[in-house]
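Convention: sequence-line order gives letters A, B, ...; per-chain numbering from 1.
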Amino acid sequence: MATRSQDVEYLVKKEYKHGFVTDVDSDTVPPGLNEDVIRLISAKKNEPEWLLEWRLEAYRHWLTMQEPKWAHVRHKPIDYQAISYYSAPKSQQDGPKSLAEVDPKLLETYEKLGIPLHEQKMLAGVAVDAVFDSVSVATTFKEKLAEAGVIFCPFSEAVQNHPELVRQYLGTVVPTGDNFFAALNSAVFTDGSFCYIPKHTRCPMELSTYFRINAANTGQFERTLIIADTGSYVSYLEGCTAPMRDENQLHAAVVELIALDNAQIKYSTVQNWYPGDKNGKGGIYNFVTKRGDCRGENSKISWTQVETGSAITWKYPSCILRGDNSRGEFYSVAVTNNYQQADTGTKMIHIGKNTSSTIISKGISAGHGQNAYRGLVRVTKTAENARNYTQCDSLLMGDKCGAHTFPYIEVKNSSAQIEHEASTSKISDDQLFYCMQRGISPEDAVNMIVNGFCKEVFKELPMEFAVEAQKLLGVTLEGAVG
Amino acid sequence: MLEIKNLYVRVEGKEILRGLDLKVNAGEVHAIMGPNGSGKSTLANVLAGRSDYEITNGSITYQEKDLTEMSPEIRACEGIFLAFQYPVEIPGVNNIYMLKAALNAIRTYQGKSKLDAIEFLNLVREKLKLVRMKEDLLNRSVNEGFSGGEKKRNEIFQMAVLEPRLAILDETDSGLDIDALKIVAEGVNSLRSRDRAIILVTHYQRLLNYIVPDQVHVLSEGRIVKSGHRELALKLEEKGYEWVKQEADAA
C-alpha cells in the first residue's frame with residue numbers, strides 16, 4: 001500500500017520554538033569585508049600581532065578562492081559584503097568578570113532556550129560556554145574545572161591567557177586555506193570555545209557550548225579548539241539556535257579537535273538553527289568545517305551529530321587517523337523537512353597502522369527536504385590493517401523529498417577491510433496503521449518509528465541530550481506524516 | 001455490541017463488500033469463513049478503520065456508536081483490536097516499548113491511570129505465559145526477524161495485554177504449524193469472556209477445532225450467504241465453498 005504522502009506531510013509540519021529576538025543594545029560593525037574590518041575585529045579583541053597576521057593571510061587566501069559548488073544544495077549567491085562580521089551586546093564590552101555581571105537580558109535569553117546559566121540551576125555535571133552573536137557571554141563552572149587543570153573558556157580569553165597553547169594548535173587540523181568557508185572563518189572568526197584537558201585527566205564534567213545568533217544581518221563565525229593531552233578524556237556538546245527571520249544568515253564555524261596519545265574526545269552536536277519557514281524562506285546557512293586529528297597512538301575521536309535545523313547544512317565532521325591504533329567514529333542523524341537541504345557526512349583518513357573507523361548515518365527527509373550523505377573513506381599506503389564499517393540509511397516521508405548517497409572509497413593498502421551498507425526506506429502506511437490500531441496517535445507513531453530508525457545514533461549521545469534530541473526530532477517532524 | 005447493516009465497501013474503485021449484515025453480541029465468538037477474494041480481510045480492515053477502504057453504503061454500530069466516525073486509534077481506545085494477517089516489522093522500535101505506549105494511550109483515553117514500568121512488566125510476565133512466548137522477543141524490534149509463528153503469537157500476546165472488547169483475528173491460523181496453532185488457540189480461548197466478543201476470520205475450519213465458535217458465517221462475493229453453527233464449518237470442509245455458493249445462487 002502506498003504511503004499517503006499528504007498525511008505524512010501533515011504530520012511533519014511544526015513550529016520553530018526558538019525564533020524570538022532578544023532586544024539588547026549591540027555594538028555591530030557595518031556590513032562589509034576588507035582588511036580594515038579584520039584589523040578592527042582583531043583590535044576589539046586585543047589580539048597579538050601574530051594572530052592578526054594569521055587572519056590577514058587567511059583573508060588574502062580566501063580572496064583567491066571560489067565558493068564550492070559540488071554540494072547537493074541550491075541557494076542564491078551569498079553577498080559577503082552585505083554581512084556584518086562583528087556584533088556584540090554592548091553590556092558585554094568590558095567582559096563580565098562573573099555570572100553576576102552578565103546582562104540579565106542575556107541570562108533570560110538562555111533561560112528561555114532551556115539553558116539556565118545560573119550554576120545552581122544547571123544540570124549538575126555540565127559546564128556551559130554561552131556564545132551570543134560574536135562573543136562569549138558566560139562560562140559556567142570555570143573554577144571547578146580549573147581545580148582539575150581543565151581550561152574551558154571563550155576563545156578570545158584563551159588568546160589572552162594561554163597564547164602559547166592557542167598558537168601551537170590553532171590551524172593545525174584545519175589550515176587557513178583548507179576550504180572557502182574555513183578560510184573565511186579564519187579571517188573573521190570572533191569567538192568560540194577553547195578547551196584543554198591536561199595529561200592523564202578525565203574531564204570531571206560534560207563541557208558544552210551554546211551558540212545563539214541574535215542580531216540581524218550578521219554572520220556567526222566561531223572557532224572551537226579542543227586539545228586532549230596524553231591519556232585524557234573529554235565529552236563535549238554544542239547546541240545552537242537563532243531567531244526566525246526572512247533573510248538567510250550565514251554561520252561558518254570551524255572546529256578543530258586534537259587527541260594525543262591514548263586520549264579520547266567525544267564531540268556531540270545538537271544543531272537546531274532556524275530552518276526557514278514552510279515555504280523555504282529564511283533560515284541559517286550552516287557551512288561548517290569540523291575535523292579531528294587523532295595525532296597520538298591509541299587515540300579516539302567520536303563525532304555524534306543530530307542535525308535538525310538550518311536551511312542548508314554543509315558539514316563533514318572528519319577524523320584524521322594519524323596515530324597507530326587510533327579510532328574514528330561518526331554517528332549522524334540529519335533531518336530535512338519543508339525546503340531544508342543537507343549535504344553532510346564525514347571523512348575518515350586512515351594513515352597510522354591498525355586504525356579503525358565506524359560511520360553510521362541516518363538521513364530523514366520529509367516535505368520537500370533534500371538530504372545527501374557524502375562520505376570519504378581513504379586508506380593511505382602506510383595504513384596497514386585499516387578497518388572501516390559504514391552504514392547509511394535513509395528514511396523518506398512523503399513523495400516530494402529526496403535522499404542521496406555519495407560514498408567515496410579510496411584504498412591504497414591491500415590489507416584494508418572496508419564495509420559499506422546502505423538502505424532507503426519509507427515509513428509505510430502499514431507501520432503507521434499498525435501503531436494506530438494499537439491506540440497510538442499518528443503523531444506518536446511517527447515519532448516512535450523515526451526514533452527507532454535513529455536509535456543507533458541516539459544511544460551515542462550523553463543521556464540528558466539523547467532525551468532532548470528525541471524531543472527535537474518530534475518537533476522537527478511535527479505535521480510530517482499520517 | 002457490533003451491528004453491521006447493508007455494508008458496501010470499495011477498495012481502489014472496486015466494490016468488495018456488497019450488502020453485508022452481521023450482528024455480534026458480547027461474549028460470542030463468530031467465525032467468518034469464505035473463499036479467497038470473498039471480502040473477509042476487507043471486513044476486518046474496515047472494522048479497524050483502514051483509510052483506503054471507502055464505505056459507500058450501510059452502517060456499522062459499535063456499542064451504540066457510529067464506528068465509521070472514529071479514527072483507527074480511537075477505535076482501538078474504544079476496545080477494538082485487530083490481530084493482523086501480516087504483522088508489519090518496525091525496525092528499532094522495541095516490542096514492549098510500543099506495547100506500553102499503546103496500553104497507556106488506551107488507559108488514558110479510558111480515564112485510567114498509566115501503568116508504571118514495574119506494573120507493566122508484571123502484567124507482561126503474566127500474559128506472556130498465555131501464549132508461551134519467549135521473553136527475549138519482548139526486547140527485540142517489533143516483529144523484526146520474528147518467524148511467522150512468533151509474529152502471530154505476538155499478536156495474541158498484545159491482545160492479552162490490551163484486553164479489547166472486540167477482537168478481530170484476521171487469518172491468525174495461516175502459516176502456523178499444528179503446535180503453534182494449538183498454543184495460539186489456547187491463548188485465544190483463555191481470553192474468551194462474557195463481555196468480550198471475538199471475530200475469527202479464517203479460510204480453513206482447522207482453527208475451529210480448537211476455538212469453538214458460537215456462530216459460523218459464510219462470506220461470498222461480499223455478502224454473508226449462510227450462517228449456522230459449528231457443523232456448518234465441518235460441512236464446508238467436506239463439500240467446499242462451491243456448495244454454499246450454488247445454494248445461495250439458487251435461493
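In this structure, chain A has a heavy atom under 4.5 Å from the side chain of B:Asn143, while its backbone stays farther away. In this structure, chain A has a heavy atom under 4.5 Å from the backbone of B:Glu89, while its side chain stays farther away. Contact of B:Leu99 with chain A is not made at all, since no heavy-atom distance falls under 4.5 Å. Only the backbone of A:Phe453 comes within less than 4.5 Å of a heavy atom in chain B; its side chain stays farther off.
For the pair B:Val93 and A:Asn451, the minimum side-chain heavy-atom distance is 4.5 Å or more.
More than 12 heavy atoms of other shown residues, nucleotides or ligands fall within 6.0 angstrom of atom NZ in A:Lys459. By the 6.0 Å contact criterion, CZ on B:Phe146 is enclosed, its count of non-hydrogen atoms from other residues, nucleotides or ligands being greater than 12. The neighbour count for A:Phe406 CZ, taken as heavy atoms of other residues, nucleotides or ligands under 6.0 Å away, is above 12. Heavy atoms of other residues, nucleotides or ligands lying less than 6.0 angstrom from NZ of B:Lys127 number more than 12.
Taking every heavy atom of both residues into account, B:Ile90 and A:Ile449 meet most closely at CG2-CG1, 3.8 Å. The two residues B:Glu155 and A:Arg438 have their closest heavy-atom pair at OE1-NH2, 2.6 Å. Taking both residues in full, the closest heavy atoms of B:Cys77 and A:Gly439 are given as SG-O, 4.0 Å, listed atom of the first, atom of the second, then distance. Nearest approach of B:Val88 to A:Ser428, heavy atoms of both residues: CG2-OG, 4.5 Å. What you find for A:Gln431 and B:Pro91 is that their closest heavy atoms are NE2-CD, 3.7 Å.
Using a distance-only test at 3.5 Å, with no hydrogens or angles considered, no donor-acceptor pair links the side chain of A:Gln437 to the main chain of B:Glu73.
Ring geometry for A:Tyr434 against B:Phe84 counts as tilted: the plane angle lies between 30° and 60°, on a 0 to 90° scale.
Counting heavy-atom pairs closer than 4.5 Å to chain A, the top-ranked of the candidates B:Ile106, B:Leu162, B:Leu82, B:Thr108 is B:Leu82. Of the residues considered (B:Pro164, B:Ser71, B:Ala101), B:Ala101 shows the highest number of contacts with chain A, using heavy-atom pairs under 4.5 Å.
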